[in-house]
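Structure, as structure tokens:
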Amino acid sequence: MEKIRIANAPCSWGVLEFDFEAKEPEYEQVLREIQETGYIGTELGDWGFMPTDPNALRAAINAHELELVGAFVPVALAVADAHEPGKNAALRVAKLLKEAGYDDAFIVLADDNGSVTERTQHAGRIVEAQGLTDEQWQVFAQGAEAIANAVRESYGLRTVFHHHGAGYVETVNEVETFLKLTDPSSIGLCFDTGHYALGGGNPIKGLQKYIDRIWHVHFKDFDPSVAARLKDHRWDYFDAVRHGIFCELGKGNVDFHAAFEILEQSGYEGWIVVEQDVLPGMGRPKVYAAKNRAYLQRLGI
């Protein structure tokens, strides 16, 4: 078995945790197209997108010769009252993964991105005054750790935190603060190259800096020309996605060859999940997925 394997995710087909009026594709289509475009794994997508019965889920994934590698769980971690329902949501997902036989899959924990107007409106151009206070940071970090510990104790699964635009952990400094405030034995980092760039960071430097904390990786490209327009037009996060800020791999400014070399040289033995976030009904996801896989293959990945 190869040390590093390549997956895709339902978000590349517009299956997102946000509420949109546009219709999402059916999960059978997404799984079929992930397989047909050359990937060998998938993430779960929003709760209820795929079957929530473990036997049915396993059958659906197996039908397309894929592995299930992670499941995204958003929680408003800066709000103490959200921790208990957030923990219950994470445990519900972890139970499904465990009972379906995916013992190595991650809970991909994130802030409840897109739920705070100021952060959503200013994604990609966040300033320090729009961040958390010291007290809020303590609440945020303690909530994340508590959820990760509950998942591990109940089902033996590991949790990674996903820094993300339109949430409270977007910028380089916010990623740094989160990692300093949390126990590296309890929660790892899901490093996303595109979101790190959106937060003002250099993804290669970020990978190098945090490689010992990185348990899961998302390969996402970032278009600096769209980022410039985002700032000029004061677009919000969803406007930026709609205009293609997360572009096809190789068309933005992320050096994926260097990123892969860092992972390989570090001894990373996990998944790279290719993601090209689109809104429901936007673009041609299967075509994008095929081009993205072909691009990585040209790089020897």
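V241 and V287 fall into different hydrophobic clusters, where Ile, Leu, Val, Met, Phe, Trp and Tyr are joined by side-chain heavy atoms under 4.5 Å apart, directly or via other members. There is no path of hydrophobic side-chain contacts, each under 4.5 Å, that joins I126 to L77. In the hydrophobic clustering of ILVMFWY residues, with side-chain heavy atoms under 4.5 Å counting as a link, L16 and V273 come out apart.
A salt bridge is defined here as a Lys NZ or Arg NE, NH1 or NH2 lying under 4.0 Å from an Asp or Glu carboxylate O, and R229 with D232 fails to meet this definition. E28 and R32 are not joined by a salt bridge, as no carboxylate oxygen comes within less than 4.0 angstrom of a charged side-chain nitrogen. In summary, K251 and D223 do not engage in a salt bridge, as defined by a charged side-chain N under 4.0 Å from a carboxylate O. For E36 and R293, the salt-bridge test fails: no basic side-chain N is under 4.0 Å from an acidic carboxylate O. A salt bridge between K209 and E176 is present, with a side-chain N of the basic residue lying under 4.0 Å from a carboxylate O of the acidic one.
With N292 contributing its side chain and A290 its backbone, the two residues share no donor-acceptor pair below 3.5 Å. Under a 3.5 Å cut-off, the side chain of S154 and the backbone N or O of A150 do form a donor-acceptor pair. Remark: side-chain polar atoms of E170 are paired, donor with acceptor, to backbone N or O of G124 under 3.5 angstrom. Between the side chain of D111 and the backbone N or O of N113 there is no donor-acceptor pair closer than 3.5 Å. No donor-acceptor distance shorter than 3.5 angstrom exists from the side chain of Y102 to the backbone of A94, with no hydrogens or angles considered. D236 contributes a side-chain N or O that, together with a main-chain N or O of D239, makes up a donor-acceptor pair within less than 3.5 Å. The main-chain N or O of F49 is never found under 3.5 Å from a side-chain atom of D46 such that the two would form a donor-acceptor pair. The backbone N or O of G252 sits less than 3.5 Å from a side-chain atom of D221, completing a donor-acceptor pair. Side chain of Y288 to main chain of Q276: no donor-acceptor pair is present (N/O by atom type, distance under 3.5 Å, no hydrogens or angles). Distance alone, capped at 3.5 Å, places no donor-acceptor pair between the R5 side chain and the I272 backbone.
Remark: the E275 side chain and the H195 side chain contain no N/O donor-acceptor pair separated by less than 3.5 Å. Between the side chains of N55 and R58, not a single donor N or O lies within less than 3.5 Å of an accepting N or O. Side chains of Y155 and E99: no donor on one and acceptor on the other come within 3.5 Å.
A 6.0 Å sphere centred on CD of E26 holds no more than 12 heavy atoms belonging to other residues, nucleotides or ligands. By the neighbour-count criterion of 12 heavy atoms within 6.0 Å, atom CG of N253 is densely surrounded, having more than that number from other residues, nucleotides or ligands. Around atom CZ of R234, no more than 12 heavy atoms belonging to other residues, nucleotides or ligands sit under 6.0 Å away.
The minimum heavy-atom distance linking W13 with E33 is given by the pair NE1-OE1, 2.7 Å. Between S12 and V274, the closest heavy-atom pair is OG-O, 3.7 Å. In terms of heavy-atom proximity, C190 sits nearest to H163 at O-CD2, 3.4 Å. Closest approach of T52 to L96, counting heavy atoms only: O-CD1, 3.3 Å. Counting all heavy atoms, side chain and backbone alike, A105 lies closest to G70 at CB-N, 4.0 Å. Here the shortest heavy-atom pairing between Y237 and A123 reads CB-CB, 3.7 Å.
To the nearest 0.5 Å, atom CG of residue D277 and atom SG of residue C247 are 11.5 Å apart. Put simply, CG on L57 and CG on L68 are 6.0 Å apart, with the number rounded to the nearest 0.5 Å. For the atom pair L109 CG and H164 NE2, the distance stands at 12.0 Å (nearest 0.5 Å). Note that CD1 of I147 is 9.0 Å distant from CD of E84, once rounded to the nearest 0.5 Å. From S185, atom OG reaches atom CD of E145 across 8.0 Å, with rounding to the nearest 0.5 Å. A distance of 4.0 Å separates NE2 of H162 from CG of D192, quoted to the nearest 0.5 Å.
The closest side-chain heavy-atom distance from I34 to H64 is not below 4.5 Å. Counting only heavy atoms from C-beta outward, the side chains of C11 and F72 never approach each other to under 4.5 Å. For the pair F161 and T182, the minimum side-chain heavy-atom distance is 4.5 Å or more. Between E67 and I40 the shortest side-chain heavy-atom distance does not fall below 4.5 Å. Looking only at side-chain heavy atoms (C-beta outward), F191 and H218 stay at 4.5 Å or farther from each other. Side-chain contact between T120 and F238: present, with at least one pair of heavy atoms (C-beta onward) separated by less than 4.5 Å. Residues S186 and R152 are in side-chain contact: their nearest non-hydrogen atoms beyond the backbone lie under 4.5 Å apart. Residues Y196 and F222 have side chains not in contact (no heavy-atom distance under 4.5 Å, counting atoms from C-beta outward).
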Worksheet item: Could you walk me through whether V139 and H83 pass the side chain to side chain contact (heavy atoms under 4.5 Å, CB included) check?
Response: CA-CA 9 Å; V139 170; H83 291 180; 3.6 Å; yes

Discussion item. Between I187 and R213, does the side chain to side chain contact (heavy atoms under 4.5 Å, CB included) criterion hold? Intermediate values first, please.
Written reply: CA-CA 9 Å; I187 189 165; R213 194 74 183 269; 3.7 Å; yes

Item to complete: Could you check F260 against L299 for side chain to side chain contact (heavy atoms under 4.5 Å, CB included), going step by step and ending with a plain yes or no?
Response: CA-CA 9 Å; F260 185 77; L299 295 182; over 6 Å; no

Item to complete: I would like to know whether K220 and E248 meet salt bridge (Lys or Arg N to Asp or Glu O under 4.0 Å); could you show each step before the answer?
Response: CA-CA 8 Å; K220 184 184 280 101; E248 291 176 28; over 6 Å; no

Discussion item. Please determine whether side chain to side chain contact (heavy atoms under 4.5 Å, CB included) holds for the pair V79 and F140, giving the CA-CA distance in whole Å, both sets of side-chain angles, and the decisive distance to 0.1 Å.
Written reply: CA-CA 7 Å; V79 181; F140 195 104; over 6 Å; no

Item to complete: Quick one: do W271 and H216 satisfy ring-ring contact (aromatic ring centres under 6.0 Å, His included)? Show the steps, please.
Response: CA-CA 6 Å; W271 289 88; H216 196 48; 8.4 Å; no

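Screening V30, V69, L31 for a side-chain contact (heavy atoms from CB on, under 4.5 Å) involving T42 leaves a single residue, L31.
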